[in-house]
2 protein chains.
Amino acid sequence: MSRWEPGAAERLQAAALELFVEHGFAAVTVPQITARAGLTTRTFFRHFADKREVLFAGEDAVPPVITRFFAEAPAGLSTMQLIERGLCEVVAPRFAGMRDQLRVRREVVRSDEGLRERELRKGALVAEAGAAGFRARGLGELEAAVAAQLAATIIGTAVARWLDEPEERPLTDIVRETIAALKDVVQH
Amino acid sequence: MSRWEPGAAERLQAAALELFVEHGFAAVTVPQITARAGLTTRTFFRHFADKREVLFAGEDAVPPVITRFFAEAPAGLSTMQLIERGLCEVVAPRFAGMRDQLRVRREVVRSDEGLRERELRKGALVAEAGAAGFRARGLGELEAAVAAQLAATIIGTAVARWLDEPEERPLTDIVRETIAALKDVVQH
DNA sequence: TGCCTGATGACACTACATGTCGTCAACTAG
DNA sequence: CTAGTTGACGACATGTAGTGTCATCAGGCA
């Protein structure tokens, strides 16, 4: 048996989310979180770089997934085909079954400017991984940057709509609708 | 004659930028900034919500400009025409003559994650103003959100390239190149 | 002359974040 | 079986960001 209960980071995340929902992000202090998790303040900052990060841990795993997708994707696909495949086969499945949880989390993030900033930064890191992937496939700097931003726009908009709708339907459907809307906007 | 030297906010901005360039954003404390500007710490936070904001004050003026552009734009333009006009006639001129200054500022922002986050947030606020404008012109929720994100992608990518290039050339040219690249990516 | 307004100074205080050291279970080598 | 090592955590100290509150005083106004 261990000297401490295992899963410190997970306990901190759970305690933090509970408290944020109950009292709002700004009103919750780190000592309150650690008290609920049975740990000390110092330990919180060993697991998370700052108070906001406790809501985003795990998203660091996404960029490597993007990189792997590009490495494994078959050659000969057009940029937009690559985006659609990547979003529908790699990104969207990661959200499956998490809709309710994400809706809760989104309410917390929405309520605080600082959290919104962090969310944007995490998205930018994912987009940067995408841009690197496109460059690796031979796209020019400009085209790669644009393509990655397009992908980020599509998935961001699609997920927002997916969470907004009262009834859940497949995220991949919404991704494809968003791509269609984007093509429509660009073409006219 | 006034009891204090006028232009407190401007002095604080100038002092802050100087110090950030000299020592890096993280290494500079607010008391150091206010000492150079001849003010107190408390006064700094009266003018700027936080330490980062001193680099972004003034960008709050952009969303109203976007809103006005949409109100005054002639009817009958397609979405992409509207984006090109808005970026070339309203947004790009605001950057004219500021290239060297923006390059300095960008180096500072690049060096700090927190500043990058704030920059993304400011961009998101501008994009939201754009989305509202498109909605006001009759676009659906999804199309408006996508269109605004496209505009943000175009201007963001274009400005980055404008600042990267060794020789300065018209930002509007680069905007049009970026739009062309985007259409090319989407069409294939 | 006297009142009001607004920007600033002065001071106190909370919370976030970090550096450093001590502790002790679990693991590892011989 | 033992000695040394590792790693997660607690305990303590400290620095910086950010806020609330009240005092001060030049300039405007009646």
Side-chain angles (χ1 to χ4, degrees), chain A residues 1-20 22-58 60 108-109 111-119 121, chain B residues 1-20 22-57 60 108-109 111-119 121-122:
Chain A
M1 170 172 166
S2 201
R3 179 144 67 124
W4 297 282
E5 293 300 310
E10 291 72 18
R11 274 184 293 144
L12 286 168
Q13 286 180 60
L17 184 57
E18 286 171 23
L19 287 165
F20 294 161
E22 287 172 28
H23 308 112
F25 176 80
V28 174
T29 67
V30 175
Q32 282 178 301
I33 298 168
T34 53
R36 183 171 294 205
L39 295 162
T40 65
T41 302
R42 190 66 185 86
T43 296
F44 180 93
F45 290 107
R46 283 200 183 91
H47 289 277
F48 307 103
D50 56 42
K51 185 179 153 191
R52 280 172 277 168
E53 196 66 14
V54 72
L55 274 171
F56 297 94
D60 300 330
V108 176
V109 174
S111 72
D112 186 272
E113 288 291 297
L115 292 175
R116 181 89 186 103
E117 288 187 348
R118 179 60 48 87
E119 184 173 60
R121 178 86 192 100
Chain B
M1 171 172 165
S2 202
R3 180 145 68 125
W4 296 280
E5 293 301 310
E10 291 72 19
R11 276 184 292 144
L12 287 168
Q13 286 179 60
L17 184 57
E18 286 170 25
L19 287 165
F20 293 161
E22 288 172 28
H23 309 112
F25 176 79
V28 175
T29 67
V30 174
Q32 282 179 301
I33 299 168
T34 53
R36 183 169 293 204
L39 294 163
T40 64
T41 303
R42 191 66 185 87
T43 296
F44 180 94
F45 290 107
R46 286 200 182 90
H47 288 277
F48 307 103
D50 57 42
K51 185 179 154 192
R52 280 171 278 168
E53 195 66 14
V54 72
L55 275 170
F56 296 93
D60 300 331
V108 176
V109 173
S111 72
D112 186 272
E113 288 292 297
L115 292 175
R116 181 88 187 103
E117 288 186 349
R118 178 60 47 86
E119 185 172 60
R121 178 87 192 100
K122 294 291 181 182

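Contact check, A:His47 against D:dC9: a side-chain N or O comes under 4.0 Å of OP1 or OP2.
Rounded to a whole Å, the CZ atom of A:Arg11 is 14 Å from the P atom of D:dA8. Between B:Leu12 atom CG and C:dG9 atom C1' the separation is 14 Å, expressed in whole Å. Atoms CZ (B:Arg3) and P (C:dA10) sit 11 Å apart, rounded to a whole Å.
Not counting sequence neighbours, the partners of B:Phe25 by the ring pair (Phe, Tyr, Trp, His ring centres under 6.0 Å) test are B:Phe20.
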Letter by letter from the 5' end, nucleotides 15-23 of chain D scores (B base, S sugar-phosphate only, - none; protein heavy atoms under 4.0 Å) -SSBBBB--
Residue pair A:Arg118, A:Asp112: steps toward the side-chain contact (heavy atoms from CB on, under 4.5 Å) verdict: CA-CA 10 Å; A:Arg118 179 60 48 87; A:Asp112 186 272; over 6 Å; no
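Look at B:Arg116 and B:Glu119 and you find a salt bridge, because one of the NZ, NE, NH1 or NH2 atoms lies within 4.0 Å of a carboxylate O, short of that distance. Taking 4.0 Å as the cut-off between side-chain N and carboxylate O, A:Glu5 and A:Arg11 do not count as a salt-bridged pair.
Here the closest heavy-atom approach between residue B:Ala26 and residue B:Lys51 is recorded as O-NZ, 3.9 Å. Nearest heavy-atom pair, B:Ile33 versus B:Leu19, reported as atom, atom and distance to 0.1 Å: CA-CD1, 3.7 Å.
Proximity note for B:Leu39 (side chain, C-beta onward) versus D:dC9, C:dT8, D:dA26: the nearest is C:dT8.
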